[in-house]
Number of protein chains: 2
Amino acid sequence: MITHIFVTNRLLKIMRRDVFQAIADPVRREIIELLADETLTVNTVAQKFDVSRPAISKHLKILKECGIITINKQGRERLCQIQPKNLIPAFLWIEQYRNLWEDRLDSFENYLTKLQTKNKENE
Amino acid sequence: MITHIFVTNRLLKIMRRDVFQAIADPVRREIIELLADETLTVNTVAQKFDVSRPAISKHLKILKECGIITINKQGRERLCQIQPKNLIPAFLWIEQYRNLWEDRLDSFENYLTKLQTKNKENE
DNA sequence: AAATTGCGTAACCGAATGATTACACATATA
DNA sequence: TATATGTGTAATCATTCGGTTACGCAATTT
């Protein structure tokens with residue numbers, strides 16, 4: 001797993017646009033949520049938002065540049081498809097700290113149970 | 001779990017500075033990495049970076065504002081302590097898509113080795 | 001009491017970001 | 001062939017971001 005994180009960190013330094021930046025924008029997160037369910041054309045995506053189509057086009061470009069989606073020409077339309085595996089680096093980075101928050105929750109639970117037994121002893 | 005994600009999304013919409021924005025900046029990610037190991041004073045954190053102390057101060061403020069760290073006065077120093085559980089919303093958001101990438105991946109190892117060869121090509 | 005230290009913040013600056021409108025161009029349709 | 005549709009992109013703009021220097025203030029040290 002250390003190797004994974006190492007690769008992740010190296011990758012983040014190499015990429016111009018990294019995954020963290022990509023998912024920092026709420027519109028882009030919504031786009032990801034949409035495309036997680038189904039492959040959509042650029043226009044279909046744009047219609048779900050209040051912002052203009054060119055704005056969505058740019059967001060899609062960013063998502064494409066960091067590998068989170070692919071855009072495939074089909075006639076005059078472009079199909080946007082999610083590439084979920086490219087979320088993994090971000091996932092791994094956060095997951096490093098999972099044991100940290102779980103440890104503290106555990107110790108909190110232990111603390112609570114200790115309190116409870118103590119209370120029972122006093123009763 | 002669905003409830004968690006619902007809460008997460010609502011939370012993200014309410015917060016001015018959200019966790020995703022906080023971890024979008026590489027300096028702030030490094031700060032988190034530092035504080036994951038130990039509680040540090042503002043100056044100690046600043047000394048680990050090339051940027052000025054006020055710049056670090058701002059980063060710390062942002063991390064504080066979205067709950068990822070707490071800053072406690074101790075004499076004239078300020079102790080910065082990680083609050084890892086506040087990374088959970090970001091973790092949960094990405095984790096929604098975990099089954100998606102796990103379904104499509106033949107094996108995680110393959111993915112990583114591909115990444116590694118890609119990195120070597122880029123060098 | 002005076003000097004030093006740790007830190008926050010204001011003022012400022014250049015670059016990046018996210019949005020818009022206008023346009024170009026390929027593809028489908030009439 | 002003429003028109004309509006789907007899309008990318010250039011030009012432009014306001015805002016945000018991340019950095020700096022200069023300063024102020026509280027707490028410690030001398």
Side-chain angles (χ1 to χ4, degrees), chain A residues 12-35 38-82 90, chain B residues 12-35 38-82 90:
Chain A
L12 289 173
K13 278 170 189 168
I14 289 167
M15 284 194 294
R16 261 185 329 117
R17 281 249 171 66
D18 68 57
V19 187
F20 285 102
Q21 213 180 325
I23 64 178
D25 185 272
V27 172
R28 287 197 288 270
R29 282 203 302 277
E30 268 196 74
I31 292 178
I32 291 174
E33 289 169 21
L34 283 173
L35 297 180
E38 46 181 342
T39 298
L40 297 173
T41 68
V42 173
N43 260 348
T44 320
V45 173
Q47 282 159 13
K48 315 238 178 192
F49 294 87
D50 284 337
V51 296
S52 67
R53 188 196 49 74
I56 297 296
S57 243
K58 284 183 190 174
H59 283 307
L60 290 170
K61 191 180 180 184
I62 290 171
L63 289 173
K64 191 185 79 181
E65 277 175 7
C66 65
I68 294 180
I69 67 168
T70 53
I71 305 183
N72 296 304
K73 200 172 167 183
Q74 185 127 10
R76 64 183 162 187
E77 297 179 330
R78 311 286 166 114
L79 289 178
C80 306
Q81 186 169 23
I82 198 170
Chain B
L12 289 173
K13 278 170 190 168
I14 289 167
M15 285 194 294
R16 259 187 329 117
R17 280 249 170 67
D18 67 56
V19 187
F20 285 102
Q21 214 180 322
I23 64 177
D25 185 89
V27 171
R28 288 197 287 269
R29 282 203 301 277
E30 268 196 74
I31 293 177
I32 291 174
E33 289 169 21
L34 284 172
L35 296 180
E38 45 181 343
T39 298
L40 297 172
T41 68
V42 173
N43 261 347
T44 321
V45 172
Q47 282 158 12
K48 315 237 178 193
F49 294 87
D50 283 338
V51 297
S52 67
R53 187 195 49 74
I56 296 296
S57 244
K58 284 184 190 175
H59 283 306
L60 290 171
K61 190 180 180 185
I62 290 172
L63 289 173
K64 190 186 80 179
E65 278 177 5
C66 64
I68 294 180
I69 67 167
T70 53
I71 305 182
N72 296 305
K73 200 172 167 181
Q74 185 128 9
R76 64 181 162 189
E77 297 181 331
R78 311 287 166 111
L79 289 177
C80 306
Q81 186 170 22
I82 198 169

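Just so we're on the same page: letters track the sequence lines, and every chain starts at 1.
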Check your understanding: What is the distance, rounded to the nearest whole Å, between atom CD of A:Glu30 and atom P of C:dG18?
Key -> 15 Å
Exercise for review: Would you kindly give the CG-to-P distance between B:Asn72 and C:dG6, to the nearest whole Å?
Suggested key: 18 Å
Study note, to complete from the structure: Partner of A:Cys80 under side-chain contact (heavy atoms from CB on, under 4.5 Å), picked from A:Asn72, A:Val42, A:Leu40, A:Thr44, is A:Val42
Check your understanding: B:Asp18 CG to D:dC17 P: how many Å, rounded?
Key -> 11 Å
**Study point:** B:Asn43 vs C:dT5: side-chain N/O to OP1/OP2 distance below 4.0 Å
**Key:** no
Check your understanding: If you round to the nearest 0.5 Å, how far is OG1 of B:Thr41 from CZ of B:Arg78?
Key -> 11.5 Å
Revision key, fill the gap. Each nucleotide of nucleotides 22-30 of chain D classed B (base within 4.0 Å of a protein heavy atom), S (only sugar-phosphate) or -, in 5' to 3' order, makes B----BBS-
Review point. Looking only at side-chain N and O atoms, does B:Gln21 come under 4.0 Å of OP1 or OP2 in D:dC17?
Key: yes
Review point. Side chains of A:Lys58 and A:Val51: closer than 4.5 Å at any heavy-atom pair?
Key: no
Check your understanding: Given atom CD1 of A:Ile69 and atom P of D:dT7, what is their separation to the nearest angstrom?
Key -> 12 Å
Check your understanding: For A:Arg78 and D:dT5, what is the distance between atoms CZ and C1' respectively, to the nearest whole Å?
Key -> 13 Å
**Study point:** Earlier contact from the 5' end, DNA chain C, for A:Ala55 and B:Glu77
**Key:** B:Glu77
Study note, to complete from the structure: Between CG of B:Leu63 and P of C:dG8 the distance, given in whole Å, is 12 Å
**Study point:** From D:dG18, D:dT7, D:dG19, nucleotide with atom closest to B:Arg28 side chain
**Key:** D:dG18
Review point. Can you check whether A:Leu35 reaches A:Ile68 side chain to side chain, under 4.5 Å on heavy atoms?
Key: no
Practice item. Please examine the side chains of A:Ile71 and A:Leu79, heavy atoms only from C-beta on, and report whether any two atoms are closer than 4.5 Å. Key: no
Review point. Would a 4.5 Å heavy-atom cut-off, applied to side chains only, mark B:Gln74 and B:Thr39 as touching?
Key: no
Check your understanding: Does D:dC17 have OP1 or OP2 sitting under 4.0 Å from an N or O in the side chain of B:His59?
Key -> no
Review point. Would you say A:Glu77 and A:Asn43 make side-chain contact, with heavy atoms under 4.5 Å?
Key: no
Practice item. Look at the side-chain N and O atoms of A:Ser57 and state whether any lies under 4.0 Å from the OP1 or OP2 oxygen of D:dT7. Key: no
Review point. If you check every side-chain atom of B:Ile62, which of D:dT7, D:dG18, C:dA19 has the closest atom?
Key: D:dG18
Practice item. Take the protein atom CD of B:Glu65 and the nucleotide atom P of C:dG8, then report the distance between them rounded to whole Å. Key: 12 Å
Practice item. Kindly indicate whether the side chain of A:Lys61 and the base of D:dT7 share any N or O donor-acceptor pair separated by less than 3.5 Å? Key: no
**Study point:** No-H, no-angle donor-acceptor pair, B:Lys58 side chain to D:dG19 base, under 3.5 Å
**Key:** yes
**Study point:** Separation of C:dT20 P from A:Ile56 CD1 (nearest whole Å)
**Key:** 9 Å
